[in-house]
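This report concerns only the one structure given below.
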Amino acid sequence: MKKVTINSLQKMKQAGERISMLTAYDATFARLLDQAEIDVLLVGDSLGMVAQGQKTTLHVTMDQMVYHCANVARGVSHAHLVGDMPFGSYQAGADEAVKNAVRIISEGSMEAVKLEGGAEHAEVIDRITCAGIPVMGHIGLTPQSVHKLGGYVVQGRGEDKAKKLIDDAKALEEAGCYSLVLELIPSALAAEITASVGIPTIGIGAGPSCDGQVLVVYDMLGMDDSFQPRFVKRFAEIGKTIAGAAKAYRDEVRSGAFPAAANSFEDRTPMVERSHKLYSVPGGD
Ligand code: KIV
């Protein structure tokens, strides 16, 4: 399987091939998604909500991002890897933004960073790309600005707001972004943005005309019954499967059915005298 790069993504847009992107936060999920040939894995700051149980993405730190990025990178050989720049890591100025982007690439082993916002971040994006780091932009609903936006609501409704998003998309391309996430905007506006920039657009709640789609992996796997927004399609009901397996385990532990002989180690012969071993822990028997 060939490694996906920013060049492959650009070619996919030109060839009209749709890009698949999902979030990942640990090595095991990343390995499974990579095996499924997902094109782009995003270590999103959505981890604050789905993995840390926070109400917003605003509490995720640089150290936490770097930690999750490094874990995801260990599970991947095919997908293009993008690490989110968390809230506060790029808003205070270009110097600090470059230092933090460098950490995501060098300590986190990502291949690009993503940051939220429009033309106001053009200088920061230019400085990060000048440091040799590809930047994915993110406009529309930008969850790090949830308090300013007044909630998680559809953006770009009305002519002025739609025009502002189109201008932002062009400004981000001009500043050096290699792709753009479009979140929670009307489908027709996403289509117009996609047609007006040369870089791939990746939509979430932005309709079918984007060059690709992204979802939070826990959402599309059906891990949380309390979160079922319209833009998420549940491709599985893993939450129910996990709860069912946990209950079955609990019942077997209570009844003594688990562990059975097949799950236990009866043989007291030293390891060196055995003809073969099923499984061994380093340093263990
Ligand atoms: O943090 C995240 O997971 C994201 C995607 C939803 C695009 O930004």
Side-chain angles (χ1 to χ4, degrees), residues 9 18-26 29-30 33 38-62 64-69 71-72 79-91 100-101 104 108 110 112-118 121 125 134-146 149 152-156 165 168-169 172 177-185 190 193-194 199-207 210-221 223-224 227-235:
L9 297 174
R18 295 232 162 82
I19 297 164
S20 59
M21 171 161 137
L22 284 173
T23 63
Y25 315 106
D26 65 47
F29 265 82
L33 302 178
I38 296 299
D39 299 308
V40 184
L41 291 185
L42 167 69
V43 185
D45 61 358
S46 50
L47 73 87
M49 296 169 84
V50 298
Q52 297 176 340
Q54 305 274 10
K55 289 208 160 31
T56 69
T57 59
L58 299 173
H59 312 283
V60 177
T61 66
M62 265 307 295
Q64 289 165 354
M65 277 311 305
V66 164
Y67 171 80
H68 284 278
C69 287
N71 291 343
V72 164
H80 173 59
L81 291 169
V82 185
D84 244 345
M85 298 205 58
F87 181 58
S89 68
Y90 58 95
Q91 287 86 348
N100 285 325
I104 288 176
M110 294 288 104
V113 298
K114 174 170 84 58
L115 59 83
E116 297 180 6
H121 292 306
I125 290 163
V135 179
M136 179 180 278
H138 182 158
I139 56 174
L141 178 80
T142 45
Q144 292 176 10
S145 306
V146 60
L149 299 175
Y152 296 104
V153 286
V154 175
Q155 302 295 306
L165 281 181
D168 277 341
L172 293 183
C177 282
Y178 73 99
S179 68
L180 280 182
V181 167
L182 307 180
E183 180 162 354
L184 225 52
I185 63 174
I193 293 174
T194 300
I199 54 178
T201 60
I202 307 197
I204 173 164
C210 298
D211 298 306
Q213 297 292 326
V214 57
L215 284 175
V216 169
V217 72
Y218 285 24
D219 297 344
M220 57 80 74
L221 289 178
M223 306 271 271
D224 180 2
F227 186 68
Q228 302 209 28
R230 176 186 172 131
F231 63 86
V232 172
K233 177 171 174 184
R234 291 160 79 107
F235 288 81

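When a ligand or atom number is given, it counts from 1 through the structure's own listing order. Start at 1 with the first residue, then count along the sequence.
With a 4.0 Å cut-off on non-hydrogen atoms, I204 touches ligand 1 through its side chain and not its backbone. When non-hydrogen atoms are compared, ligand 1 lies under 4.0 Å from neither the backbone nor the side chain of L215.
Ligand-side atoms of ligand 1 in range of T23: 3 (O), range being under 4.0 angstrom from any heavy atom. Near G44, meaning under 4.0 Å from any of its heavy atoms, are these atoms of ligand 1: 1 (O), 2 (C), 3 (O).
Not one N or O on the side chain of T57 forms a donor-acceptor pair closer than 3.5 Å with the backbone of S46. Remark: side-chain polar atoms of H138 are not paired, donor with acceptor, to backbone N or O of V181 under 3.5 angstrom. A distance-only check finds no donor-acceptor pair linking the side chain of E183 to the backbone of V154 [under 3.5 Å].
What you find for V72 and L81 is that their closest heavy atoms are CG1-CD2, 4.0 Å.
Of the protein's non-hydrogen atoms, S46 OG, 2.5 Å is the one closest to atom 3 (O) of ligand 1. Protein heavy atom in closest approach to atom 4 (C) of ligand 1: L42 CD2, 3.6 Å.
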- Message: L41 vs V82, test: side-chain contact (heavy atoms from CB on, under 4.5 Å). Steps then yes/no.
- Response: CA-CA 6 Å; L41 291 185; V82 185; over 6 Å; no
- Message: Does Q144 form a side-chain contact (heavy atoms from CB on, under 4.5 Å) with D45? I'd like the steps, not just the answer.
- Response: CA-CA 9 Å; Q144 292 176 10; D45 61 358; 2.6 Å; yes
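Taking any N or O of D84, backbone or side chain, at least one lies under 3.5 Å from an N or O belonging to ligand 1. Ligand 1 has no N or O atom lying under 3.5 Å from any N or O atom of E116, backbone or side chain.
Heavy-atom proximity to atom 1 (O) of ligand 1, evaluated over V181, I202, D45, T142, is greatest for D45.
The aromatic ring centres of Y218 and F227 sit 6.0 Å or more apart.
Using a 4.0 Å heavy-atom cutoff, K114 is listed among the residues neighbouring ligand 1. At least one heavy atom of H138 lies less than 4.0 angstrom from ligand 1.
Residue Y67 places its OH atom among 12 or fewer non-hydrogen atoms of other residues, nucleotides or ligands, all under 6.0 Å distant.
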